[in-house]
Amino acid sequence: MIEDGSIKRFVQDFHKTETNNDIDQYLNLFDRNVNYFGMNYSDIRQDKSNYWLTWPLRNYVISSEIEVNKLSDSTFKVNYIYKYQLKNN
């Protein structure tokens, strides 16, 4: 059973891994059979690696409560606001 707390931790971990340049740690958050904005697992690796090269300095801050709404046993809607700053040197 998925609980609100684990979903909130996932969101926090997701944004933390965005800043540490560890692609393997980032990809560990995804299932191997993921469809993430139309990308599969290997597409995500390439896309994120390119993005991080383009924007080597990144900062993400969650600036609201993370709201979790259960839509079904396996589907949740998660709402939150985050601020980010990107720099390319």
Side-chain angles (χ1 to χ4, degrees):
M1 170 139 183
I2 300 172
E3 297 181 8
D4 288 3
S6 64
I7 294 172
K8 290 177 182 181
R9 279 189 301 282
F10 173 84
V11 169
Q12 293 165 340
D13 291 345
F14 180 82
H15 288 292
K16 284 179 189 173
T17 62
E18 285 275 352
T19 61
N20 68 9
N21 293 327
D22 185 340
I23 192 67
D24 292 322
Q25 184 181 21
Y26 180 80
L27 289 172
N28 281 337
L29 296 171
F30 294 91
D31 185 83
R32 290 280 185 180
N33 297 315
V34 68
N35 180 340
Y36 181 70
F37 295 102
M39 292 184 283
N40 64 31
Y41 192 83
S42 61
D43 293 338
I44 295 169
R45 174 181 288 280
Q46 186 61 49
D47 180 71
K48 208 39 96 164
S49 294
N50 290 339
Y51 185 81
W52 291 353
L53 286 172
T54 302
W55 302 106
L57 303 172
R58 299 172 308 282
N59 185 44
Y60 300 87
V61 176
I62 297 171
S63 59
S64 72
E65 290 294 318
I66 300 170
E67 299 175 8
V68 178
N69 298 300
K70 185 175 184 177
L71 303 179
S72 72
D73 285 343
S74 62
T75 305
F76 296 82
K77 181 178 180 182
V78 181
N79 292 303
Y80 62 97
I81 298 169
Y82 72 97
K83 298 177 182 180
Y84 63 94
Q85 183 178 33
L86 308 172
K87 293 183 183 180
N88 63 355
N89 298 330

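As the structure is a prediction and not an experimental result, all values here were calculated from the model.
- For the atom pair T75 OG1 and N69 CG, the distance stands at 12.5 Å (nearest 0.5 Å).
- Remark: N79 CG is packed, more than 12 non-hydrogen atoms of other residues, nucleotides or ligands lying under 6.0 Å away.
- Heavy atoms only, all atoms of each residue included: S64 and I81 are closest at OG-N, 2.7 Å.
- Separation of atoms CG (N28) and CG (D22) is listed at 8.0 Å; rounding is to 0.5 Å.
- Distance check, rounded to the nearest 0.5 Å: CZ of R32 to CG of L27 gives 7.5 Å.
- Listed here is the closest heavy atom pair of N21 and P56: ND2-O, 4.5 Å.
- The aromatic rings of Y26 and F14 are tilted relative to each other, their planes meeting at an angle between 30° and 60°.
- Hydrophobic clustering of Ile, Leu, Val, Met, Phe, Trp and Tyr side chains at less than 4.5 Å, counting indirect connections, unites W55 with F37.
- Both Y82 and V78 belong to a common hydrophobic cluster when Ile, Leu, Val, Met, Phe, Trp and Tyr are linked at side-chain heavy-atom distances under 4.5 angstrom.
- V68 is not listed as a side-chain neighbour of E3, based on a closest heavy-atom distance of 4.5 Å or more.
- With rounding to the nearest 0.5 Å, the separation of CG in N35 from CD1 in I44 is 8.5 Å.
- Within the model, atoms CD1 of I7 and CZ of F76 stand 4.0 Å from one another, a figure rounded to the nearest 0.5 Å.
- Distance CH2/W52 to CD/E18: 6.0 Å, rounded to 0.5 Å.
- Between I2 and S6, the closest heavy-atom pair is CG2-OG, 3.8 Å.
- Using a 4.5 Å cut-off on side-chain heavy atoms (C-beta onward), F30 and M39 make no contact.
- Y41 OH: more than 12 foreign heavy atoms inside a 6.0 Å radius.
- Scanning both residues, N59 and T19, for their nearest heavy atoms gives CA-CG2, 4.1 Å.
- Using a 4.5 Å cut-off between side-chain heavy atoms of Ile, Leu, Val, Met, Phe, Trp and Tyr, with links allowed through other members, L29 and Y51 fall into the same hydrophobic cluster.
- For the ring pair (Phe, Tyr, Trp, His ring centres under 6.0 Å) test, no residue two or more places apart in sequence or in another chain qualifies with F10.
- Within the 4.5 Å cutoff, side-chain heavy atoms of Q12 are placed close to those of I66.
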